[in-house]
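Written below as structure tokens is the structure these notes are about.
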Amino acid sequence: MALSLNPAQRAAVNQISDPLLVLAGAGSGKTRVIIDKIAYLLHAGYQAEHVFAITFTNKAAREMRERVAKRVSREAAEPLTICTFHALGLKLLQVEHAAAGLRRGFSILDADDALNLFKELAPAGLNKDALQLLRNLVSTAKDEGLSPAQAIAKALSPRELEAAELYAAYQRRLSNFNAVDFDDLIYLPARLLDQDEALRGRWQARIRYLLMDEYQDTNRAQYRMVKHLVGARGAFTAVGDDDQSIYSWRGANPENLKDLARDFPALQVVKLEQNYRCSGRILRVANALIAHNPHLIEKRLWSAHDEGKPIRVLACRDELHEAERVAAEIFHRQIESQSRWHEFAVLYRGNHQARALEQALRLLGVPYHVSGGTAFFERSEIKDVLAYLRLLVNPDDDAAFLRAVQAPKREIGTTTLEKLALCAGSKHLSLLHAAASMDVQQQLAARPGAALMQFADQLERWRLAAASLSAGDLVARVISESHYDSHLQATVKDPVAIGYRRDNLAELLRFVHAAAKGRGALVDLQAELALLSFSERDEPGNAVRLSTLHAAKGLEFAHVWLVGVEDGNLPHEGSINEGRLEEERRLMYVAITRAKATLTLSYAAHRRRFGELERQQPSRFLDELPAADLQREGDDPERDASERRDRAGSHLARIAALLG
DNA sequence: ACGATTTTCAGCATC
DNA sequence: TGAAAATCGT
């Protein structure tokens, strides 16, 4: 990367009087621009506490914080707010909780808990898809900024009315729990800002300059929140790239790029078109591919780098052959070039594709790191322990109660809980309060009643202890006194899995100790934990990176292999049918532009899908790349098919022959 | 209430 | 194919 800014980057940094959209192509140094702009704002006299930078992931926020602290001094960076959209929404709600009808210590339900709560209100016997569809309608309503009452008024058909009423019931239930879901962290602040002028004034005074990263990933609600926060002044910089919009399936709305120009007539647009990452050839291939998509604003990326190595296209027999070849190539290339392992990456469409690759790499003793996978905070043992914390902070959190009361098992089953819920409902008590109430106790049988009482007593003891204990010590005490470890031994059979879960809990403990330093208040800690999704220790180190295309966004590697470039996989089957080809093309574009020096694409003639060996066709996207830049390698798939049947030594061949 | 067995169903995965 | 959910049986 150049030491000084290029003219476009400088223009993006220095423009602080008008609202600004920075169209930042892949590898064009956009993070650099954001960091420098923060420094420039501070230099121009902005107080750090009035400068806000918003990202999508905690990881991005963390990285930005670290880079800013290096650019300006640590002390100067301290008062800055650099966080995710949801964390900003949460901050606002914590300050303005009364206006939102919430009490201090409100809980944040994750997607799972929210769905469970929703399930109880929805008509019984719905299958998973129908339920999720209905739940998504609620999300959509919040995304559009509709209150339950507005949604009911707006419903056109009986089905829509039913969904709107379900939305209303769901919000009532959340309110009873003193809880919000993830959507609410955006929807409620946007609503408050819209309706309460004084509140809006307070926040506009606080946020004097707003920077947004990955702007193409914002949804409607996030845009409305931002619009209210920046007001007519429009002191903001939005950085994004419509060609890297790959999250529309989870609500991102690239149209927001267009609306920005409509809502802020003074909007300036700066394009960052010099790519500092890829070789000339890699960039040319990427440009050729993305040129097949329609564009709102034309942008032409160029690179000052050499042409570089040809792009290779490997034809393979099946996914095992593909994995073996890729692993062998990485193995040899590393030795040959004396590169470090972390300069190599294998990218793929679906998580399941990692398996064959892992196997092949392990066989050669190549260290690797798989990104993504099940998020740390989604693991059941972590959610169990966090449920205790939530319940300590917010006794009305019935979702947390239901989780905590059943892990570890304490002879309280569904029948008991149903009875408890019935009593609690009629007396307008939360489940925990009901469990401790004498009235309710009398209506329960002796044994379950005693078990519930014991549970409530234990929580009360912890609550009292919390005052004099650090958050970390409290969590340690909860884990030990709830006998969670015996619970693990009783429910998990595989001793390796038990060890793994213990490790996770130890990791959580370490995290809480570190996070709670200086803050201490359990309330804040609990809220922070709810927003985190990945383990902080997720340090890949010096290892080959295996990653999905989505998880690879924002990363770069010297040598990239993109595997499974087949119709049905990339583009994915579902996207072909639903005409979402453009997003699939962007996905491939993102993959190609991760590569600095070499790029290898591969596809297999056959692939095992759902247990069946299926014939595959090379991706249609390969035809959109300039043939002159591609170097096709590998065996003729037809000839291989017969060879495969003949080869005596191949175990796979025999299995494949039996199946096929 | 819980473990064992059958059935189902496959994307990407943020906060 | 294989993991997770649903159902069965004690």
Side-chain angles (χ1 to χ4, degrees), chain A residues 54-61 83-90 93 108-114 119 125 127-129 131 139 142 180-187 213-214 217-219 221-222 245-252 319 347-356 371-378 380 406 408-417 447-448 451 487 490-493 527-534 547-554 564 568-578 580 583-584 586-588 590-591 607-614 655 659:
Chain A
I54 310 300
T55 62
F56 269 86
T57 62
N58 287 301
K59 189 167 159 247
C83 66
T84 63
F85 269 99
H86 288 83
L88 177 63
L90 173 64
L93 281 185
I108 302 160
L109 302 193
D110 68 18
D112 255 16
D113 287 339
K119 191 154 53 180
N127 68 37
K128 220 174 67 185
D129 285 350
L131 189 75
S139 273
K142 289 183 184 178
V180 297
D181 65 15
F182 281 132
D183 295 329
D184 287 335
L185 292 178
I186 309 296
Y187 160 74
D213 195 11
E214 306 281 11
D217 288 336
T218 47
N219 63 28
Q222 283 161 336
S245 159
I246 55 174
Y247 283 110
S248 72
W249 51 272
R250 74 178 194 211
E319 75 263 42
L347 308 181
Y348 39 80
R349 180 63 218 259
N351 268 316
H352 61 276
Q353 292 176 262
R355 188 168 297 174
S371 4
T374 317
F376 184 69
F377 286 89
E378 303 273 298
S380 64
Q406 290 178 102
K409 304 252 184 299
R410 32 173 75 78
E411 297 185 304
I412 298 166
T414 36
T415 24
T416 310
L417 289 173
R447 239 173 88 157
H487 169 67
T491 53
V492 184
K493 279 187 185 149
E528 189 176 333
L529 288 172
L531 290 185
L532 276 170
S533 59
F534 283 110
S547 169
T548 61
L549 301 179
H550 285 89
K553 190 163 80 152
N569 187 231
L570 182 64
H572 194 272
E573 198 152 23
S575 304
I576 298 173
N577 302 333
E578 286 166 51
R580 300 203 345 200
E583 180 148 322
E584 295 291 307
R586 291 195 292 266
L587 207 43
M588 175 134 172
V590 167
R607 189 171 294 274
R608 195 168 286 280
R609 294 182 83 201
F610 312 143
E612 300 284 316
L613 201 63
E614 281 181 24
I655 296 166
L659 288 168

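In this text, all values refer to a predicted model and were calculated from it rather than measured experimentally. The sequence lines fix the lettering, A, B, ..., with proteins before strands; numbering per chain opens at 1.
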Would R608(A) and H352(A) satisfy side-chain contact (heavy atoms from CB on, under 4.5 Å), going step by step from the backbone distance to the final call? CA-CA 11 Å; R608(A) 195 168 286 280; H352(A) 61 276; over 6 Å; no
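- When DNA chain C is scanned in the 5' to 3' direction for atoms under 4.0 Å from non-hydrogen atoms of chain A, the outermost contacting nucleotides are dT1(C) to dG2(C).
- By the ring-ring contact (aromatic ring centres under 6.0 Å, His included) test, F85(A) pairs with F56(A), sequence neighbours left out.
- As rounded to whole Å, 16 Å separates atom P of dA13(B) from atom CG of D112(A).
- Every residue was checked against the side-chain hydrogen bond (donor to acceptor under 3.5 Å, both in side chains) condition with N219(A), not counting sequence neighbours, and none meets it.
- In this structure, I186(A) places its CD1 atom 16 Å from P of dT14(B), rounding to the nearest Å.
- Considering only residues two or more places apart in sequence or on other chains, R607(A) meets the salt bridge (Lys or Arg N to Asp or Glu O under 4.0 Å) condition with E322(A), E566(A).
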N/O to N/O distances under 3.5 Å, protein versus nucleotides 6-12 of chain B:
{"unit_1": "dG11(B)", "atom_1": "N1", "unit_2": "S575(A)", "atom_2": "OG", "d": "3.1"}
{"unit_1": "dG11(B)", "atom_1": "N2", "unit_2": "R349(A)", "atom_2": "NH1", "d": "2.7"}
{"unit_1": "dG11(B)", "atom_1": "N2", "unit_2": "R349(A)", "atom_2": "NH2", "d": "2.2"}
{"unit_1": "dG11(B)", "atom_1": "N2", "unit_2": "S575(A)", "atom_2": "OG", "d": "3.1"}
{"unit_1": "dG11(B)", "atom_1": "N2", "unit_2": "E584(A)", "atom_2": "OE2", "d": "2.8"}
{"unit_1": "dG11(B)", "atom_1": "N3", "unit_2": "R349(A)", "atom_2": "NH2", "d": "2.9"}
{"unit_1": "dC12(B)", "atom_1": "OP1", "unit_2": "N351(A)", "atom_2": "N", "d": "2.7"}
{"unit_1": "dC12(B)", "atom_1": "O2", "unit_2": "W249(A)", "atom_2": "NE1", "d": "3.2"}
{"unit_1": "dC12(B)", "atom_1": "O2", "unit_2": "R349(A)", "atom_2": "NH2", "d": "2.9"}
{"unit_1": "dC12(B)", "atom_1": "O2", "unit_2": "H550(A)", "atom_2": "NE2", "d": "3.3"}

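- Considering only residues two or more places apart in sequence or on other chains, Q406(A) meets the side-chain hydrogen bond (donor to acceptor under 3.5 Å, both in side chains) condition with none of them.
- Applying the salt bridge (Lys or Arg N to Asp or Glu O under 4.0 Å) criterion to E214(A), with sequence neighbours excluded, gives K30(A), K553(A).
- Scored by the side-chain hydrogen bond (donor to acceptor under 3.5 Å, both in side chains) test, H550(A) finds W249(A) as partners (sequence neighbours excluded).
- Comparing the same atom, P, in dA4(C) and in dA13(B) gives a spacing of 15 Å after rounding to whole Å.
- Straight-line distance between the P atoms of dA5(C) and dC12(B): roughly 16 Å, to the nearest whole Å.
- Listed by chain and number, the residues in a salt bridge (Lys or Arg N to Asp or Glu O under 4.0 Å) with R355(A) amount to none (sequence neighbours excluded).
- Residue R607(A) is classed as having no contact, given no heavy-atom separation below 4.0 Å to the nucleic acid.
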